[in-house]
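Given the structure is predicted, the values throughout are model-derived calculations rather than measurements. Quick note on labels: first sequence line is chain A, next is B, and so on, each numbered from 1.
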There are 2 protein chains.
Amino acid sequence: MAGFKGQAEYSVDSKGRVAVPAKMRSVLKPEAKSTFTLTRGFEKCIFGYPQDRWEEMEDDMSTLNTYVTKSRDFIRGILMWAEEVSLDGQGRIGLPKPLIEFADIKDRALIIGALDHIEIWNPEHFEAYLKSQEVDYQTLAESVMGRE
Amino acid sequence: MAGFKGQAEYSVDSKGRVAVPAKMRSVLKPEAKSTFTLTRGFEKCIFGYPQDRWEEMEDDMSTLNTYVTKSRDFIRGILMWAEEVSLDGQGRIGLPKPLIEFADIKDRALIIGALDHIEIWNPEHFEAYLKSQEVDYQTLAESVMGRE
DNA sequence: CCTTCGGTGGGGAATTGTGGGGAAAATTCC
DNA sequence: GGAATTTTCCCCACAATTCCCCACCGAAGG
């Protein structure tokens, strides 16, 4: 299963639209119906899941026990930000206002592919995120994948 | 399984294209479909995995739990640089701009075979890398392979 | 000496990103 | 309840980039 990958910096027009890179569009399965569900990221950015993948996530969430407060909080935290958006004829999506504010997106957006989802960042905030990393990439790779 | 080996220094043209050495092309399996996925190396260079090998790596990544911050950081770190490129009719690949900047590739590139992937270096940076090695080659070999 | 293979360079066509205009729908105000 | 205004959506047009194809040149091999 090919996943999303790559990076691209595009402009956000006055109507809040951004192009989805052609390389990422081509990864979309027919089942996704050219639709993403956007929601807040775990970092200060927007996550976009293709429709088919999002439905799996909803299924996962529905297995949580909603009598547990933490589970309820989690579900609320994701879903209150979630919104379905479809590609227009030019391969763009419109970013919902609440998410624009959350991720503090201005006139430029950095889009990066992350396997099962895409991420939309304010380029400056992404820069800051990289600098805030405690460990460098080599060390990180070794600690995540380096077990034998 | 025959792996990539050898080295070659080629020119990078104004469009960012480099030839893949014929010896390395001949190692490509049909499953790789004449396609490499390039991404950042652990050092200041570009790694290129043949498509079949890359898919295995994606499978490995997809087993990581993306609710764990470190895993997310790692996936982002690899995939934001990753891009699929195919050989053109002349056996060349085009290097994506972000990777050219990352590896600081100018008009010449050194291509090294490294078993399951190829590496593309700025020849000068490779020289510097060799000098920066703390331990000499004999000692290194002993510490990696010398345990009985 | 001729042929084949491997690396280098450039030109044209199709794709992709960007901006804006107008119709339909929703919202607000009177 | 109806009209005016705003918002949303869809479509068209331009410009830049990328991709694909063709041509050349030198080296190696028969």
Is [X] salt-bridged to [Y], going by a charged N under 4.0 Å from an acidic O?
X        : Y        : answer
A/Lys106 : A/Glu124 : no
A/Glu9   : A/Arg108 : yes
A/Lys23  : B/Glu84  : no
A/Asp73  : A/Arg76  : yes

Query - Validation row: A/Ile120, A/Phe47 side chains within 4.5 angstrom (heavy atoms) - result: no
Query raised in the report: Of all nucleotides in DNA chain D with an atom under 4.0 Å from a non-hydrogen atom of chain B, which is the first and which the last going 5' to 3'?
Result: D/dT18 to D/dA23
Query raised in the report: Does any N or O donor sit under 3.5 Å from an N or O acceptor when you compare the side chain of A/Lys23 with the base of C/dG17?
Result: no
Query raised in the report: Which atom pair, heavy atoms only, marks the closest approach of A/Ile111 to A/Tyr10?
Result: CD1-CD1, 4.3 Å
[atom1] of [X] versus [atom2] of [N]: gap in Å, rounded?
X        : N      : atom1 : atom2 : answer
B/Gln90  : C/dG9  : CD    : P     : 13 Å
B/Glu9   : C/dG6  : CD    : C1'   : 17 Å
B/Leu87  : C/dG6  : CG    : C1'   : 13 Å
B/Leu110 : C/dG7  : CG    : P     : 14 Å
B/Asp88  : C/dG10 : CG    : P     : 15 Å

Query raised in the report: Can we call the ring centroids of A/Tyr137 and B/Phe42 under 6.0 Å apart?
Result: yes
Report summary line: Side-chain atoms of B/Arg17 come closest, of C/dG17, C/dG10, C/dT18, to C/dG10
Requested in this report: Return the nearest nucleotide to the side chain of A/Tyr10; candidates are C/dT18, C/dG21, C/dG6.
Outcome: C/dT18
Query - Nearest-0.5 Å distance, CH2 of residue B/Trp81 to CZ of residue B/Phe102 - result: 6.0 Å
Query raised in the report: Which residues within residues 92-108 of chain A lie with some heavy atom under 4.0 Å of an atom in DNA chain C?
Result: A/Arg92, A/Arg108
Query raised in the report: Only one of A/Glu58, A/Glu56, A/Gln51 clears side chain to side chain donor-acceptor pair (under 3.5 Å) with A/Trp54; which?
Result: A/Glu58
Query raised in the report: Do the side-chain N or O atoms of A/Ser14 get closer than 4.0 angstrom to the phosphate oxygens (OP1, OP2) of C/dG19?
Result: no
